[in-house]
Amino acid sequence: MYRTMYCGELRPSHIGQKVTLAGWVHRQRDHGGVTFIDLRDRSGVVQIVGNPEVPGAAMIREARVEWVLQVTGMVRRRPEGAENPNLPTGEVEVEVLECEALNPAKPLPFVVNKDEDVDENVRLKYRYLDLRRERMQRNLILRHRVVKFIRDYLDQQGFIEVETPILFKTTPEGARDYLVPSRVHPGCFYALPQSPQQLKQLLMVAGVDRYFQIARCFRDEDLRGDRQPEFTQLDLEMSFVHRDDVLNMVEGLFTAMLPVVAPHKKLLASPWPKLSYTEALERFGTDKPDLRFGMELYDVSDIFASSGFMVFQNTLKTGGVIKCIVVPGCAEYTRKEVDDLTSFAREQGAKGLATLALTAEGVKGTAQKFITSEETAALRERTGAGEGDLILFVADQKTVANKTLSALRLLFRDRLQLADRNTMAFAWIVDFPMFEWNEEEQKWDAAHHPFTMPRLEDLSKFDTDPGSILSDAYDMVCNGYEMASGSIRIHRRDIQFKIFQLLGLKEADIQQKFGHMLEAFEYGAPPHGGIAPGIDRLVMLLADEPNIREVIAFPKNQAARDLMADAPSPATDKQLAELHIRVELPKEEQG
RNA sequence: GGGGGCGUGGUGUAGCGGUUAACAUGCGGCCCUGUCAAGGCCGAGACCGCGGGUUCGAAUCCCGUCGCUCCCGCCA
């Protein structure tokens with residue numbers, strides 16, 4: 001036995017006991033005579049006291065930060081006035097009788113005993129040291145509690161956890177697949193699942209009724225702060241449910257979870273707001289709005305119907321819109337500040353940015369001389385803008401105006417600190433379109449995925465107006481992030497086949513790629529639906545972390561590399577030969 | 001594929017045309033019996049990511065390149 005208890009658990013009730021502890025030297029304070037060490041394990045730290053008169057305590061003085069020590073000693077109350085109220089163990093200390101260095105340590109590449117910014121390269125290369133830091137330990141524990149809560153809660157709700165294969169089949173559409181070559185089937189590849197979508201539906205056909213899984217998913221796309229090539233979803237599926245059955249289940253889960261895992265986080269509203277896809281786009285310019293603050297988008301096209309401003313006039317003539325947001329208290333922005341906003345807007349795809357500043361000295365801004373006082377009055381009336389506010393206009397096609405103003409809205413959220421960190425603004429986005437027109441390939445794509453049930457009342461529009469068909473898909477959003485995506489699924493072969501056809505798949509393709517799904521639907525598939533909340537993003541928000549790498553034990557960097565193990569790395573010739581693979585490296589670009 | 005930001009001792013930063021390249025922390029040594037970010041003294045440690053250019057002179061300005069990061073594209 002290396003230890004009799006954990007460091008962080010020592011309390012006055014242990015006074016007089018002889019204990020053995022094992023852990024890392026968190027800090028050392030050598031006073032020449034008496035020496036103190038804060039000994040750390042996962043549970044916390046406790047002060048160890050080494051007296052010069054005790055021969056067994058000698059090692060205390062030789063030890064350095066992050067050495068691994070085993071210490072045996074007596075628990076005693078700290079001397080009067082020497083208590084540390086900042087430590088849970090601060091009323092007691094352990095007086096060393098014996099101390100052994102289980103393993104010394106070289107000086108670390110960075111300090112782990114305080115929360116200090118360290119270059120992420122270095123952190124990731126020495127991730128096992130980075131994870132020693134209190135912040136990371138806290139995140140790992142929080143993540144564990146979240147997953148534990150999910151398992152317990154869903155178990156009580158009658159769900160069973162089923163594992164599905166990691167080696168599966170490539171699917172057309174969607175994200176790029178990670179492929180795994182087959183040794184025994186030359187030229188054939190497994191794909192790592194982008195999600196267990198098909199498998200969980202087949203579990204419904206199997207009569208599992210309520211399934212869930214803490215599922216690893218893989219997508220070979222470029223990374224972002226909230227995107228890793230492999231990530232974890234709470235994947236769940238339910239039989240004999242309508243949309244609101246799924247929504248209520250999930251809403252109940254997260255509403256119950258919050259006070260248990262993150263009591264300082266508050267729900268914005270209960271029940272959660274429900275917005276249609278169209279409404280979300282109109283009011284916030286995005287289908288994943290941050291509802292913690294206002295600054296909504298206004299369509300003011302009608303106000304400028306007969307505008308003398310050519311930019312506005314031309315936009316309206318070509319079918320575009322004029323939308324705006326009101327930035328509170330920023331009317332006095334300088335020319336440079338406005339220019340910076342304009343370049344930001346251009347980066348988002350807008351042609352430019354028109355501004356109107358309602359200052360104490362009157363109306364200013366780049367659009368001032370083109371906007372009449374009647375139009376300004378109508379704007380004030382429509383948007384509630386008042387003195388001191390800055391109105392930002394984007395005149396463009398609706399998608400561009402929405403995207404640009406949505407990005408500006410988030411920019412000001414951060415700049416003006418409009419969103420409360422401890423509010424979780426969960427909301428549902430519903431009534432998604434079934435299809436989106438793919439301009440590049442001149443075909444219809446599934447807006448959600450091809451297994452989503454279209455609204456039955458819209459089925460007649462299949463051949464005439466696919467773009468107007470709504471689906472039974474839904475997203476869960478929170479604080480500007482898409483936290484989950486789900487839908488009621490198709491359980492009828494005829495509808496599923498028709499969807500595949502509309503997506504441009506040939507009959508032979510359908511059979512080859514999805515024959516197993518279609519066949520399954522012929523053997524009594526129950527109506528079913530589900531959803532898949534992202535665990536990484538959820539924990540990121542709960543932990544107040546700026547990106548999901550902070551809540552993943554061993555994440556990859558933006559170039560999808562593991563800097564610790566240096567993966568990916570080349571395969572040996574022997575490995576490649578076994579897999580019947582020849583590597584052809586990209587040719588160097590000629591300069 | 002494109003755009004922005006960053007790159008200076010181990011770590012975190014300062015310096016932004018002429019400095020023995022500064023400070024903190026960490027590291028090594030010495031002193032110190034009640035500290036808890038312990039303290040004091042001394043010391044070692046960076047050719048300023050790399051390559052080229054401008055200049056009498058470059059960490060500093062310019063170009064290129066590499067790395068990291070944020071964003072756009074992409075992510076059914």
Side-chain angles (χ1 to χ4, degrees), chain A residues 26-39 45-53 57 61 64-66 78-87 89-90 93 95 106-126 129-130 171-177 194-195 197-198 217-229 231 340 343-344 346-350 400 403-404 407 410-411 414 432 434-436 438 440 444-452 471 473 482 485 487 499-500 503 505 534 546-547 549 557-559 561 563 589 591:
Chain A
H26 193 62
R27 288 203 174 84
Q28 188 197 39
R29 295 176 291 279
D30 186 345
H31 286 240
V34 67
T35 300
F36 302 99
I37 275 185
D38 292 337
L39 195 67
V45 300
V46 68
Q47 175 161 284
I48 310 294
V49 190
N51 278 309
E53 301 82 34
R61 232 154 282 121
R64 292 291 177 268
V65 166
E66 296 305 309
R78 291 194 184 193
E80 181 113 17
E83 303 88 354
N84 186 345
N86 301 319
L87 280 181
T89 60
E93 60 191 9
E95 185 178 15
K106 293 198 293 183
L108 268 47
F110 54 91
V111 296
V112 300
N113 61 15
K114 61 180 173 186
D115 189 21
E116 184 179 83
D117 279 342
V118 179
D119 184 80
E120 204 163 346
N121 289 332
V122 182
R123 292 180 57 199
L124 290 178
K125 178 171 179 189
Y126 300 98
L129 298 180
D130 190 33
T171 49
E173 305 200 57
R176 205 173 288 113
D177 283 320
Q194 296 178 28
S195 81
Q197 181 60 36
Q198 296 183 35
C217 306
F218 305 86
R219 294 178 191 177
D220 186 5
E221 296 292 350
D222 287 343
L223 279 62
R224 288 284 188 280
D226 63 348
R227 269 164 34 191
Q228 282 272 307
F231 60 100
D340 287 346
S343 353
F344 179 82
R346 289 215 174 92
E347 281 166 27
Q348 300 298 320
V400 176
K403 176 165 176 291
T404 305
L410 295 184
L411 178 81
D414 299 335
F432 279 80
M434 182 76 194
F435 302 106
E436 281 167 354
N438 184 331
E440 218 168 291
W444 290 102
D445 283 345
H448 183 59
H449 59 56
F451 309 108
T452 298
S471 73
E482 180 192 310
S485 197
S487 63
I499 298 286
F500 285 142
L503 292 172
L505 286 163
N547 67 65
R549 294 187 299 277
N557 72 4
Q558 195 168 32
R561 296 194 67 87
L563 295 178
E589 295 281 332

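In this text, all values refer to a predicted model and were calculated from it rather than measured experimentally. Quick note on labels: first sequence line is chain A, next is B, and so on, each numbered from 1.
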For nucleotides 27-29 of chain B, which of its nitrogen or oxygen atoms have a protein nitrogen or oxygen under 3.5 Å away, and what is each distance?
none

Measure from CG on Asp117(A) to P on rG26(B) and round the result to the nearest Å. 17 Å
When the distance from CG of Asn113(A) to C1' of rG12(B) is rounded to whole Å, what number comes out? 14 Å
Can you measure His26(A) atom NE2 to rG26(B) atom C1' for me and round it to whole angstrom units? 15 Å
Starting at CZ of Arg61(A) and ending at P of rU35(B), how long is that distance when rounded to a whole Å? 17 Å
Residue met sooner reading RNA chain B from 5', once Leu108(A) and Ser195(A) are mapped to nucleotides: Leu108(A)
Is it true that Asp222(A) and Arg227(A) have a side-chain N and a carboxylate O under 4.0 angstrom from each other? no
Is there side-chain contact between Ser487(A) and His449(A), with at least one heavy-atom pair below 4.5 Å? yes
Would you indicate whether the side-chain heavy atoms of Arg27(A) and Lys114(A) approach each other to under 4.5 Å? yes
Every protein N/O lying under 3.5 Å from an N/O of nucleotides 37-40 of chain B:
| residue | atom | partner | partner atom | Å |
| --- | --- | --- | --- | --- |
| rA38(B) | OP2 | Arg29(A) | NH1 | 3.3 |
| rA38(B) | N6 | Asp30(A) | O | 2.8 |

Every protein N/O lying under 3.5 Å from an N/O of nucleotides 46-48 of chain B:
none

Spacing of CD1 belonging to Ile48(A) relative to CD belonging to Glu95(A), to within rounding of 0.5 Å: 11.0 Å
State which residues pass salt bridge (Lys or Arg N to Asp or Glu O under 4.0 Å) with Arg346(A); sequence neighbours excluded, sorted by chain then number. none
N/O-N/O pairs, protein side and nucleotides 41-43 of chain B side, under 3.5 Å:
none

Phe344(A) CZ to rG5(B) P, straight-line distance once rounded to whole Å: 15 Å
Give a yes/no verdict on base stacking between rU35(B) and Phe36(A): centres under 5.5 Å, planes within less than 30° of parallel. yes
If you take atom types as modelled and just measure distance, does the side chain of Glu93(A) reach the base of rG34(B) with a donor-acceptor pair under 3.5 Å? yes
On a heavy-atom basis, which atom in Pro450(A) and which in Phe500(A) lie closest, and how many Å separate them? CB-CE2, 3.8 Å
In whole Å, I'd like the distance from the CD atom of Glu80(A) to the P atom of rU35(B). 14 Å
Asp445(A) has an atom CG; how far is it from atom P of rC74(B), in whole Å? 11 Å
Do you know which of Asn547(A), Asn557(A), Leu223(A) makes side-chain contact (heavy atoms from CB on, under 4.5 Å) with Gln228(A)? Leu223(A)
When you compare rU19(B) with rG4(B), how far apart are their P atoms, in angstrom units rounded to a whole number? 32 Å
Reading 5' to 3' through nucleotides 66-72 of chain B, protein heavy-atom contacts under 4.0 Å coded B for base, S for sugar-phosphate only, - for none: -SSBBSB
Atom CD of Glu436(A) and atom P of rC74(B) are separated, to the nearest Å, by 11 Å
Taking atom P in both rA21(B) and rC47(B), compute the distance separating them and give it to the nearest angstrom. 12 Å
From C-beta outward on Arg78(A), which listed nucleotide comes closest to its side chain: rC36(B), rU33(B), rG12(B)? rC36(B)
Expressed in whole Å, how much space separates the C1' atoms belonging to rC63(B) and rU25(B)? 37 Å
